[in-house]
Number of protein chains: 2
Amino acid sequence: MAKMVYFDRVATALLAPEAKKAVANFMNDSVGNPSAHIHSAGIAAGTYVDKSRTSVAGLINAGVNEIFFTSGATESNNLALKGFLSEKNSGEIIISEIEHYSILDQINNPALDRFDIKTLKVDRNGLVIPEKLEEIITDETVLVSVIMASPEIGAVQPIKEIARICRKHGVTFHSDATSAVGYIPIDVKGLGLDMMTFSSQTLGGPMGVGALYVNSTISLNPLFDGGNQEMGFRPGTENLPGIVGFGAACQAISPMMADKSSRLTELGRKLWRGIEENIEHIEFTGHRESRLPGHVSFWHRFVEGESLLLHLNMKGVIAASGSACSSNLKGSDEHDLRASHVLTAVGVPEEYCSGSITFSLDYYNSEDEVNYVIDILPEIVHRLEAMSPVYEDYMKQREKHGR
Amino acid sequence: MAKMVYFDRVATALLAPEAKKAVANFMNDSVGNPSAHIHSAGIAAGTYVDKSRTSVAGLINAGVNEIFFTSGATESNNLALKGFLSEKNSGEIIISEIEHYSILDQINNPALDRFDIKTLKVDRNGLVIPEKLEEIITDETVLVSVIMASPEIGAVQPIKEIARICRKHGVTFHSDATSAVGYIPIDVKGLGLDMMTFSSQTLGGPMGVGALYVNSTISLNPLFDGGNQEMGFRPGTENLPGIVGFGAACQAISPMMADKSSRLTELGRKLWRGIEENIEHIEFTGHRESRLPGHVSFWHRFVEGESLLLHLNMKGVIAASGSACSSNLKGSDEHDLRASHVLTAVGVPEEYCSGSITFSLDYYNSEDEVNYVIDILPEIVHRLEAMSPVYEDYMKQREKHGR
C-alpha cells in the first residue's frame with residue numbers, strides 16, 4: 001500500500017473534494033471586498049458569505065444570525081470566554097479537566113484572576129458526571145465550558161444533560177465541539193447550548209476558518225476593534241475562500257449524516273476489535289460506546305507511542321500521539337513533553353502519558369485501510385517490545401511465575 | 001467593454017494568478033496539521049508555512065522570525081497595539097488622525113483609558129509633518145502608530161523621518177502598511193520600523209490572512225490563549241491555504257517591483273490628468289506626488305459620490321467611495337453615513353465627505369481600462385450634474401455674473 005492512510009482527522013481532516021471544488025470555483029470568480037456594499041464585486045462577495053453561513057448554520061440547526069465566522073476553533077474559544085467574561089466583574093467559572101489548551105490557558109491566564117475557577121472531574125472513561133456539576137454549580141457561577149468530544153480520547157460528553165443543569169441555574173453554557181461537529185448529530189437548540197465552538201478543518205473544510213455559534217440571547221464583546229464585519233462580533237475582512245470551503249464541507253456532510261456516521265462507527269469498532277484481539281498489553285482510553293465515530297485511542301504498557309507512530313508513518317499510516325495541539329511552550333518550537341492533562345485525568349500513569357496513540361478516521365477512509373493497519377500493527381508492536389528493557393523484565397517475571 | 005474594470009485594489013485586490021495556482025496546488029496535496037510534527041503529513045504542512053514566511057519576509061527585508069501570520073490587517077493592528085500595550089500601565093500614545101478604524105477604535109476603546117492619547121494632525125494633502133511629531137512626543141510616549149499610506153486619499157507618509165524621531169526618543173513605532181506593501185518599496189530595517197501591519201488581500205493574495213512584522217527586539221502578548229503556533233504570538237492552527245497564497249503573491253510581486261510600480265504610477269497619473277482636463281468642479285485629495293502608485297481620489301462639488309459609483313458600476317467600472325472599511329456601526333448591517341474622518345482631516349467640507357471617489361489601480365490594469373474610464377466619466381458626471389439642484393443654482397449664479 002503505497003498510498004497514505006490518513007487517520008488523523010481530529011488534528012485536521014483532509015480537504016473534502018466538495019470544499020476543494022468550491023474554493024477553486026470561488027478563486028475563478030473576481031469578487032471584491034464584502035464590505036464594499038456599494039459595487040457589484042462587493043455584493044457578489046457578500047453573497048458567497050451568506051450562502052456559506054446558511055450551510056454552516058444548517059448543519060447544527062442554528063439561526064443564520066447566530067453563526068459568526070472566525071479564524072478557527074482557537075479564536076472561537078477565545079471569543080466565547082474572553083468576549084463573554086469581559087463585562088463580568090467576578091463570579092465562578094466551571095470547566096472540565098479535559099478541555100483543549102485554548103480553553104485551559106485562558107482559565108490559567110492572570111487576566112481571569114478575578115474569577116474563581118472550578119474544575120469538573122471526569123471518570124475513568126473520560127466522561128463528566130452531570131451530578132458532579134449539580135454539586136459544584138452555585139448562584140455565583142457565570143459560565144460553564146465543557147468540551148463536547150475529546151480529540152485525544154474520543155469521549156463524547158452528556159452535553160444535553162449538562163446544558164439542562166446550566167439552564168436550570170441560569171448559567172451560560174459553552175461547548176467546544178471542534179472534534180464533534182459533522183460526525184455526531186448536533187442540534188444546538190435541542191441540546192440547549194448557549195455558545196458552541198467549531199472549525200472547518202476538522203470536518204473537511206480548509207484550515208484557518210471556524211465559527212462560534214452564539215444564541216441570539218447572549219451578548220459578547222469582540223476580541224478585535226475595527227470594522228463592522230460579522231455584525232460587529234468579529235471585525236476584519238472575512239476569510240472568503242475559507243468561508244466558502246467551510247460552507248461546502250458542511251453542505252457535503254449534511255445529507256445522510258446519520259448513515260455515514262454509522263458506517264464510520266462500524267469502521268472504528270472494527271479497528272478497535274482488531275487491535276484488542278491481536279495485541280497484548282493495550283489499554284484503550286475514553287468510553288467504548290459514548291465516543292466519536294471512527295475514533296480509537298489507546299496506550300501500550302511497554303512501547304513508546306512516538307516510536308509506534310514513527311514506524312506506522314514509515315508504513316504510510318498517519319496517526320496522532322496525544323493531541324496535535326498539545327505543543328504548548330510559548331516562544332519555543334520544541335515539543336511539549338509534559339504529560340497530557342487529558343490522559344492523567346483518566347488515570348493513565350504519568351510515565352505513559354506522552355505515549356498514547358489516537359487513530360481518528362474520516363468518511364473517506366475505507367475498510368481496506370482499517371484491515372491494513374490491523375495487519376501491520378502487531379508486527380510493529382512486537383519489534384518495539386523486543387527493544388524495550390521494561391518488556392524484557394516483564395517477560396522474565398512472567399516466565400518465573402509460570403504465567 | 002463587457003469585462004469588469006476593477007479599480008478597487010485597496011479594498012481587496014483581485015487574486016493574482018500565481019496565488020490562485022499556488023492555493024490550487026496546495027489543495028491537491030494531502031497535508032496535515034503543521035503542529036503534528038510527529039508525522040510526515042504534518043511536516044509537509046510546516047514546509048509550506050516556512051516557504052511562505054520566507055517569501056513574505058523577503059518582500060519587506062524582514063527576518064523570517066520577525067513575520068507572524070494573522071487573519072488579516074485588522075488582527076495585526078489589534079495584535080500590535082493590544083499586544084504591546086497590555087504590559088504597560090500608563091503613558092502616552094500618538095496616532096495620526098487618518099488611521100484605519102482598526103487603530104482608531106482601539107484608541108477609543110475604554111480599555112485604553114489608562115493612556116493619554118495624542119493625535120498627530122495631517123496637512124491639507126494628508127501628510128504628517130514630522131516636526132509636529134517632535135513637538136508632541138515626550139518621555140511619557142510609549143507608542144506611535146502612523147498609517148503608511150491612506151487607502152482613501154492615497155497619501156504616502158514620510159515614514160523614515162517619523163521612525164527616526166521615534167527612535168531618537170526611544171519610542172516604539174508601528175505603521176499600518178496595508179495599502180502600501182507590494183506597491184512601494186519597503187525595507188523595514190532601512191525605514192527603522194519596530195512593527196508593521198500588512199495583509200495578503202491588498203497585494204493579490206487571498207482574503208483572510210495577513211502578517212505583523214515585529215522587530216526581534218520587541219515583545220508582545222498574544223491576543224489568544226492556546227497553542228504555540230507562530231512562536232506563541234498567535235495560537236491557533238495556521239490558515240494554510242491563505243498563507244500559501246500570500247507567499248505566492250509576495251513572490252510574484254518581488255521581481256522588478258520598481259519597474260512595475262513605475263508603470264502603475266504612470267497609469268495613475270494618466271487617469272488623474274484625464275479627469276482633471278475633462279471634468280470641472282473636481283477636487284483631488286491627498287498629495288499629488290507622495291501617493292500610492294495608481295491611486296486617484298477626488299470629490300465633486302455637485303455630484304454625490306455614491307451616485308457616481310453606481311453609474312460607473314453600470315458601465316462595468318468598480319471603484320470605492322471613501323474606505324470599504326468605514327462601515328462602522330456595531331451590531332448593524334447598515335452603511336455608516338458619517339463623514340469620513342480622513343476626509344474631514346484634509347479639509348473636505350462635511351457635506352461632501354460621504355461622496356468621495358477612490359480609484360485604486362493594480363498591476364493587472366491596462367491603459368485601455370484607464371482610457372475607458374476617462375471616456376465615460378465626463379458623460380456620467382454631466383448627467384448627474386443635470387439632476388443636481390445645487391448645480392442648477394450654481395449655473396444660474398454663474399450666468400448672472402457673466403462667468
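Proteins come first, then strands; the chains are lettered A, B, ... in the order of their sequence lines, and each starts at number 1. Just so it is clear, the model here is predicted, and its values are computed rather than measured. Atom set for the values below is all heavy atoms of this structure, side chains included, hydrogens, waters and symmetry mates excluded.
- When heavy atoms are compared at a cutoff of 4.5 Å, B:Q106 approaches chain A by way of both its backbone and its side chain.
- Using modelled atom types, one finds no donor on one side chain facing an acceptor on the other under 3.5 Å when comparing A:E75 with B:S71.
- Between chain B and the options A:N239, A:N109, A:V209, the largest number of non-hydrogen pairs under 4.5 Å is found for A:N239.
- With respect to chain A, the highest number of heavy-atom pairs below 4.5 Å among B:S30, B:G42, B:S199 belongs to B:S30.
- In summary, the side chains of A:T178 and A:T202 do not present any donor paired with an acceptor at a separation below 3.5 Å, with no hydrogens or angles considered.
- Between A:D176 and A:S145 the shortest side-chain heavy-atom distance does not fall below 4.5 Å.
- Counting heavy-atom pairs closer than 4.5 Å to chain A, the top-ranked of the candidates B:T12, B:L312, B:N78, B:L79 is B:N78.
- A donor atom on one side chain and an acceptor atom on the other are not found under 3.5 Å apart for B:E152 and B:S356.
- Looking at A:L240, the atoms closer than 4.5 Å to chain B (heavy atoms on both sides) sit in the backbone and in the side chain alike.
- Residue B:A111: no heavy atom, backbone or side chain, is found under 4.5 Å from chain A.
- With a threshold of 4.5 angstrom between heavy atoms, B:L81 does not approach chain A through any atom at all.
- There is no side-chain donor-acceptor pair under 3.5 Å between B:N77 and B:H100.
- A:A319 touches chain B through its backbone: at least one of N, CA, C or O sits under 4.5 Å from a heavy atom, while the side chain does not.
- Both the backbone and the side chain of B:L223 come within less than 4.5 Å of a heavy atom in chain A.
- In terms of non-hydrogen atom pairs under 4.5 Å with chain A, the most contact-rich of B:P206, B:G32, B:A24, B:G72 is B:G32.
- For the pair A:F246/A:L203, a side-chain contact is recorded, criterion being any heavy-atom separation below 4.5 Å from C-beta on.
- Using a 4.5 Å heavy-atom cutoff, the side chains of A:F7 and A:E369 are in contact.
- Residue B:R234 touches chain A through its side chain alone, counting heavy-atom pairs closer than 4.5 Å.
- Of the atoms belonging to B:L14, it is side-chain heavy atoms, and not backbone ones, that fall under 4.5 Å from chain A.
- For B:E230, no part lies near chain A; criterion is any non-hydrogen pair under 4.5 Å.
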